Visitor: 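After the structure tokens below, expect a handful of questions from me.
Predicted, not measured: the structure shown is a model, and the values here were computed from it.
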Amino acid sequence: MAEAPIDIEALENEGDIAADYIEGLLDIADFDGDIDMDVEGDRAMVSVVGATLDELIGEDGEVLEALQELTRLAVHRATGERSRLMLDIGRYREGRRKELFQVGAEAAQKVKDTGEAYDLEPMTPFERKVVHDAVAAAGLRSESEGEEPNRYVVVHPVP
């Protein structure tokens, strides 16, 4: 079965709606920051850059995750469609992606060395996706187990 083509125009519209929503939140909270919008693969990407925005990231990205969900809800309300939009603030996710890719690569190497499955700590969906990608790049298989918010990645050896 062929995959449906990616509707770039719809993703750009999601990004525009999200950018307007985030801009409104920044104005209300009296935060400075520039908003960049892009389409990466099959999702809209909205980034807030510029000023120090640590308050909008929170400890371990908790505030960022909440803002992303609120933004997705705003997009859903406007379009009637579920959004997979990704929000980044102060390039937090960009840096986190690099760290997590390393975590996945190290876990894959540990599994290759021991030949035994390896469980990682609970992670957000974004974090698990990056780790799954790193494990796949290392030639191994991984899966998510458990229930939110304690869902985690298990890296499996090659049979």
Visitor: With sequence neighbours excluded, what pairs up with Thr71 under the side-chain hydrogen bond (donor to acceptor under 3.5 Å, both in side chains) test?
Guide: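 Thr71: no side-chain hydrogen bond (donor to acceptor under 3.5 Å, both in side chains) contacts found.
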Visitor: Within this structure, what is the CG-CG distance for the pair Asp88 and Leu67, rounded to the nearest 0.5 Å?
Guide: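 Nearest 0.5 Å value for the CG-CG distance: 12.0 Å.
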Visitor: What is the minimum heavy-atom distance between Pro157 and Gly115, and which atoms define it?
Guide: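 Residues Pro157 and Gly115, closest heavy atoms: CG-O, 3.4 Å.
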Visitor: Using side chain to side chain contact (heavy atoms under 4.5 Å, CB included) as the criterion, list what pairs up with Val39, not counting sequence neighbours.
Guide: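 With neighbours one apart ignored, the set is Ile8, Leu11, Glu12.
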Visitor: Can Asn13 and Glu9 be counted as having a side-chain donor-acceptor contact under 3.5 angstrom?
Guide: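 Absent: no donor and acceptor within the cut-off.
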Visitor: When Arg91 is tested against each of Val49, Val48, Ile57 for side chain to side chain contact (heavy atoms under 4.5 Å, CB included), which residue passes?
Guide: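 Among Val49, Val48, Ile57, the one that satisfies the side chain to side chain contact (heavy atoms under 4.5 Å, CB included) with Arg91 is Val49.
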Visitor: Val154 and Tyr152: which non-hydrogen atoms are nearest, and at how many Å?
Guide: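 Between these two residues, the closest heavy atoms are CG2-CE1, 3.4 Å.
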Visitor: Measuring only between side-chain heavy atoms, which start at C-beta, is Glu106 closer than 4.5 Å to Lys110?
Guide: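 No, their side chains stay 4.5 Å or more apart.
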Visitor: What are the two closest non-hydrogen atoms of Pro122 and Pro149, and how far apart are they?
Guide: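 Pro122 and Pro149 have their closest heavy atoms at CB-O, 4.0 Å.
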Visitor: Hydrophobic cluster mates of Met123, side-chain heavy atoms under 4.5 angstrom, ILVMFWY only, any path?
Guide: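 Its cluster partners, ordered by chain and number, are Met45, Met86, Leu100, Phe101, Val103, Val111, Tyr118, Leu120, Phe126, Val130, Val131, Val135, Leu140, Val153, Val155, Val158.
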Visitor: Give me the atom names and distance for the closest heavy-atom approach of Leu56 to Ile89.
Guide: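 Heavy atoms of Leu56 and Ile89 come nearest at O-CD1, 3.6 Å.
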Visitor: Tell me whether Glu99 is salt-bridged to Arg96, with the criterion being a basic N under 4.0 Å from an acidic carboxylate O.
Guide: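 Counted as a salt bridge, because a side-chain N and a carboxylate O are separated by less than 4.0 Å.
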Visitor: Can you tell me how far apart NE2 (His132) and OG (Ser144) are? Round to the nearest 0.5 Å.
Guide: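 One finds 3.0 Å between NE2 of His132 and OG of Ser144.
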Visitor: Testing the basics here: between Ala138 and Lys112, what is the closest heavy-atom pair and its distance to 0.1 Å?
Guide: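 In terms of heavy atoms, the two residues are closest at O-NZ, 2.8 Å.
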Visitor: To the nearest 0.5 Å, how far apart are CD1 in Ile28 and CD in Glu23?
Guide: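 So the CD1 of Ile28 and the CD of Glu23 are separated by 11.5 Å.
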Visitor: Could you work out, with side chain to side chain contact (heavy atoms under 4.5 Å, CB included) as the rule, every residue matching Glu143, not counting sequence neighbours?
Guide: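 Residues passing side chain to side chain contact (heavy atoms under 4.5 Å, CB included) with Glu143: Arg141, Glu145, His156.
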Visitor: How many angstroms lie between CG in Asp16 and CD1 in Ile35, if you round to the nearest 0.5 Å?
Guide: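 Separation between the atoms: 11.0 Å.
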Visitor: Could you state the interatomic distance from OH (Tyr92) to CG (Leu87), rounded to the nearest 0.5 Å?
Guide: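 Atom-to-atom, Tyr92:OH and Leu87:CG are 12.5 Å apart.
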Visitor: Just how far is it from atom CG of Leu73 to atom CG of Leu85, taken to the nearest 0.5 Å?
Guide: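 CG of Leu85 is found 11.0 Å from CG of Leu73.
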Visitor: Which heavy atom of Val63 sits nearest a heavy atom of Glu55, and at what distance?
Guide: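 Val63 and Glu55 have their closest heavy atoms at CG1-O, 3.6 Å.
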Visitor: For Glu148, does the CD atom sit with more than 12 other heavy atoms under 6.0 Å from it, leaving out its own atoms?
Guide: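 Count over threshold, so yes.
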Visitor: Under a single-linkage rule joining Ile, Leu, Val, Met, Phe, Trp and Tyr whose side-chain heavy atoms are separated by less than 4.5 Å, which residues share a cluster with Val75?
Guide: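 For the cluster that includes Val75, the remaining residues are Ile17.
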Visitor: By the side-chain hydrogen bond (donor to acceptor under 3.5 Å, both in side chains) test, which pairs, at least two apart or in different chains, include something from residues 72-83?
Guide: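 Listed by first then second residue: Glu14-Ser83, Glu69-Arg72.
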Visitor: Quick one: do Arg93 and Glu65 make a salt bridge, cutoff under 4.0 Å?
Guide: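 So Arg93 pairs with Glu65 through a salt bridge.
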